[in-house]
Amino acid sequence: MDKKEDLLKEVISHAKEYGYVFPSSEIYDGLAATYDYGQLGAELKNNIKNYWWKAMVQMHEEIVGIDAAIFMHPKTWKASGHVDAFNDPLIDNKDSKKRYRADVLVEEHIEKYRDKIKKDVAKGLKKFGESFDETQFLATNPNVKRSQEKIDLLESRLKNILETDDLTALKAFIEELNIVCPISGTANWTDVRQFNLMFSTELGSVAGDAATIYLRPETAQGIFVNFLNVQKTGRMKIPFGIAQIGKAFRNEIVARQFIFRMREFEQMEMQYFVRPGEELKWYAYWKEKRTKWHKALGLGDAYYRHHDHVKLAHYANAAADIEFDFPMGFKELEGIHSRTDFDLRKHEELSGKKLQFFDPELNKSYIPYVIETSIGLDRMFLAVLSASLKKEVLEDGSERTVLSIPPALAPYKVAVMPLTKKDGLPDKARAIINELKFSFQCQYDEKDSIGKRYRRQDAIGTPFHVTVDHQTLEDNTVTIRDRDTMQQERVSISDLHKIIDEKVSLNNLLRHGG
RNA sequence: GCGGGCGUAGCUCAGGGGUAGAGCAUCACCUUGCCAAGGUGAGGGUCGUGAGUUCGAAUCUCAUCGCCCGCUCCA
């Protein structure tokens with residue numbers, strides 16, 4: 001465990017040291033759980049986006065991409081369920097220091113009465129044997145009736161309290177029911193506090209005129225509200241998908257673990273619209289497809305595992321996570337959800353617009369079912385970074401730090417360096433860069449010993465290192481060093497482009513993971 | 001929010017009432033020339049912030065702020 005924590009620390013400090021990720025607003029002592037992507041981080045992030053976008057949009061003629069606004073009509077969040085489902089009343093037990101959802105505590109309390117009824121039924125069954133009529137028993141047995149009345153009463157009171165958002169009453173209710181913490185066994189509770197998971201802000205510059213709107217907590221809704229626009233203008237036929245990359249905002253109660261859980265984060269989502277009844281087929285299809293996309297990167301299959309949800313969100317009828325072995329252990333990297341027709345149906349209800357597709361084969365209209373693939377870009381970034389960071393012990397016993405980022409994602413593709421900064425070698429190196437820069441992100445470095453420069457490039461993850469030496473001036477050959485094997489090869493300058501392109505091009509990735 | 005840890009140079013840290021230190025990094029020059037380790041020199045810190053004690057505080061006291069870790073939510 002300690003080892004794992006240290007690993008995350010190493011990733012964080014490496015990320016900072018080499019310009020991948022900086023703590024946000026650092027000169028003002030930082031802002032909790034907010035990070036800025038630096039000069040190399042921005043490149044890596046863009047490359048990841050690119051790989052995703054091309055694999056999803058470019059490789060699928062039935063998928064198109066959009067870029068919806070972060071601001072959306074407030075009704076959107078009413079429809080999606082975020083307004084109701086993501087306002088959690090929380091309460092802490094002062095003795096055990098554990099935090100609970102206050103409404104869940106009450107529900108669990110109510111559950112006890114349900115268990116009691118079950119026990120009574122079991123008793124009844126035992127007593128009456130084969131002649132036992134459960135329906136009649138439930139309706140007539142005085143114990144059961146008493147329990148049921150209690151359940152009904154408590155449930156309606158809870159509903160009432162939740163609907164009025166009366167936090168004081170909720171705490172009083174918990175105290176009245178003598179609910180205790182399962183850990184400490186005490187009823188020493190803090191006040192109930194509301195945690196709104198959505199960030200609100202004001203739209204409209206004149207005070208008083210302003211309407212409260214939210215920063216989107218997920219990008220998916222931008223796709224759903226545009227379902228009809230895209231379907232009609234793109235003449236899309238089911239099944240088809242809409243992809244989007246964009247920021248989303250969640251006021252997490254606790255945002256932590258570096259860029260794994262941030263309040264401002266970026267999602268890469270695709271909603272795939274299918275015929276009702278065919279959703280589980282497509283769900284399986286996308287689960288496999290997305291897994292392939294990940295594994296094509298070559299970080300190692302052992303880093304991935306599936307986690308199928310047993311407990312499903314309010315909108316889903318099947319859900320699985322692709323989990324990644326982060327420095328903190330296996331955690332969710334991507335979610336594949338079968339969202340049914342929940343979202344479109346709700347939007348249809350609240351907007352009054354018909355969000356359906358006329359299927360000529362079936363000769364009828366229906367609200368499509370949706371399969372969602374949703375990956376956290378920042379998490380993907382962390383996955384790539386943490387799996388790539390290695391400390392190697394070389395044959396001679398010395399150590400090297402290498403960032404073996406998949407070449408297609410690496411910020412710099414090639415470093416070109418003169419062996420010495422004399423005899424015109426720098427000019428020659430510059431000349432090579434001036435050709436390569438049209439295809440690749442290049443870096444020039446002439447400072448320090450050549451060995452030191454190699455190690456610097458290893459540390460930032462540049463896959464190829466080209467060195468110009470005196471022989472270069474005679475026959476136009478250079479040495480090219482492979483970051484991972486440290487092997488060098490002497491090649492002609494005119495072959496450089498081909499050699500590098502073969503390895504850093506997205507094409508190969510897309511062939512295997514697209 | 002609660003509990004724990006930590007704030008001294010870009011990084012890692014030492015120092016513990018008497019005017020700020022090391023290693024690495026950075027920059028310049030010299031040297032070397034294919035795997036981070038040569039030499040010389042330079043720049044860089046109101047010791048997180050504020051108050052108190054003291055002749056004197058980076059050091060002691062109090063407060064405050066920030067960051068990190070854990071706990072319930074999620075991509």
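Values below: all heavy atoms of this structure, side chains included; hydrogens, waters and symmetry mates excluded. Lettering of chains follows the sequences in order, A, B, ..., and the numbering in each one begins at 1.
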Between the side chains of [Y] and [X], is the shortest nitrogen-to-carboxylate-oxygen separation below 4.0 Å, so that they form an ion pair?
| X | Y | value |
| --- | --- | --- |
| A/Arg339 | A/Glu269 | no |
| A/Lys390 | A/Asp484 | no |
| A/Arg453 | A/Asp445 | no |

For [X] and [N], what is the distance between atoms [atom1] and [atom2] respectively, to the nearest whole Å?
| X | N | atom1 | atom2 | value |
| --- | --- | --- | --- | --- |
| A/Ile12 | B/rC67 | CD1 | C1' | 11 Å |
| A/Lys9 | B/rC13 | NZ | P | 9 Å |
| A/Arg339 | B/rA75 | CZ | C1' | 12 Å |
| A/Glu489 | B/rC34 | CD | C1' | 15 Å |
| A/Glu446 | B/rU32 | CD | C1' | 15 Å |
| A/Leu425 | B/rU32 | CG | P | 15 Å |
| A/Arg263 | B/rC73 | CZ | P | 16 Å |
| A/Ile460 | B/rA25 | CD1 | P | 17 Å |

Roughly how many Å apart are [M] and [N], using the [atom1] atom of each and rounding to a whole number?
| N | M | atom1 | answer |
| --- | --- | --- | --- |
| B/rG7 | B/rU64 | C1' | 13 Å |
| B/rU26 | B/rC11 | C1' | 11 Å |
| B/rU40 | B/rG5 | C1' | 42 Å |
| B/rA57 | B/rC62 | C1' | 14 Å |
| B/rG15 | B/rG21 | C1' | 7 Å |
| B/rG10 | B/rU19 | P | 23 Å |
| B/rC24 | B/rG18 | P | 28 Å |
| B/rG3 | B/rU61 | C1' | 24 Å |

Heavy atoms under 4.0 Å, any strand shown: does [X] hit a base, just sugar-phosphate, or nothing?
| X | answer |
| --- | --- |
| A/Thr219 | nothing |
| A/Asp469 | base |
| A/Tyr35 | sugar-phosphate |
| A/Ser13 | nothing |
| A/Lys421 | nothing |
| A/Glu17 | nothing |
| A/Asp378 | nothing |
| A/Arg456 | sugar-phosphate |
| A/Leu333 | sugar-phosphate |

- request: Look at the rings of A/Phe249 and A/Phe199 and say which category their plane angle falls in: under 30° parallel, 30 to 60° tilted, over 60° perpendicular.
  value: perpendicular

Which nucleotide in the set [options] lies at the smallest distance from any side-chain heavy atom of [X]?
| X | options | value |
| --- | --- | --- |
| A/Lys447 | B/rC35, B/rC27, B/rA37 | B/rC27 |
| A/Phe265 | B/rC34, B/rA75, B/rA37 | B/rA75 |
| A/His337 | B/rA25, B/rA75, B/rG33 | B/rA75 |
| A/Thr479 | B/rG33, B/rC34, B/rA36 | B/rC34 |
| A/Arg455 | B/rA75, B/rC27, B/rC35 | B/rC35 |
| A/Gln488 | B/rC35, B/rA75, B/rC69 | B/rC35 |
| A/Leu8 | B/rC69, B/rA25, B/rA75 | B/rC69 |
| A/Arg379 | B/rC69, B/rA75, B/rG33 | B/rA75 |
| A/Gln257 | B/rA75, B/rA28, B/rG70 | B/rG70 |

- request: Mark yes or no for whether A/Arg483, through its side chain, and A/Val402, through its backbone, hold a donor-acceptor pair below 3.5 Å.
  value: no

Canonical and wobble pairing (Watson-Crick, G-U, under 3.5 Å) of RNA chain B, dot-bracket with |: ((((((((.[[[[.)..(..]]]].(((((.......))))).....[[[[[..)....]]]]])))))))....

task: Would you kindly check whether a donor in the side chain of A/Arg481 faces an acceptor in the base of B/rC35, or vice versa, at under 3.5 angstrom?
output: yes

Look at [X] and [N] and indicate whether a side-chain polar atom (N or O) is within less than 4.0 Å of OP1 or OP2.
| X | N | result |
| --- | --- | --- |
| A/Thr401 | B/rA36 | no |
| A/Lys452 | B/rC35 | no |
| A/Lys16 | B/rC11 | yes |

message: Does the Lys NZ or Arg CZ of A/Lys331 fall within the cation-pi geometry relative to A/Phe326 - under 6.0 Å from the ring centre and within 45° of the axis?
response: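 Not satisfied by the 6.0 Å and 45° rule.
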
- prompt: Does some side-chain heavy atom of A/Trp52 sit less than 4.5 Å from a side-chain heavy atom of A/Met380?
  reply: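 In short, these two side chains do not touch, never coming nearer than 4.5 Å.
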
message: Would you say that A/Met72 contacts A/Ile213 through its side chain, given a criterion of any heavy-atom pair below 4.5 Å between the two side chains?
response: no

Donor-acceptor side-chain pairing of A/Gln443 and A/Gln457 below 3.5 angstrom: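 Note: A/Gln443 and A/Gln457 side chains meet the donor-acceptor criterion.
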
- request: Not counting sequence neighbours, which residues clear salt bridge (charged side-chain N to carboxylate O under 4.0 Å, His left out) with A/Glu489? List them please.
  value: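 Not a single residue meets the salt bridge (charged side-chain N to carboxylate O under 4.0 Å, His left out) criterion with A/Glu489.
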
- request: Start with the C-alpha distance between A/Tyr37 and A/Phe381, add both sets of side-chain angles, then the distance that settles ring-ring contact (aromatic ring centres under 6.0 Å, His included), and finish with yes or no.
  value: CA-CA 10 Å; A/Tyr37 288 88; A/Phe381 185 101; 4.7 Å; yes

- prompt: Hey, which of these two, A/Asp321 or A/Gly451, hits RNA chain B nearer its 5' end, going by closest nucleotide?
  reply: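 Checking each residue's closest nucleotide, the 5'-ward one belongs to A/Gly451.
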
Toward the 5' end of RNA chain B, by each residue's nearest nucleotide, A/Arg453 or A/Glu266: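 Mapping each residue to its closest nucleotide by heavy atoms, the 5'-most match is A/Arg453.
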
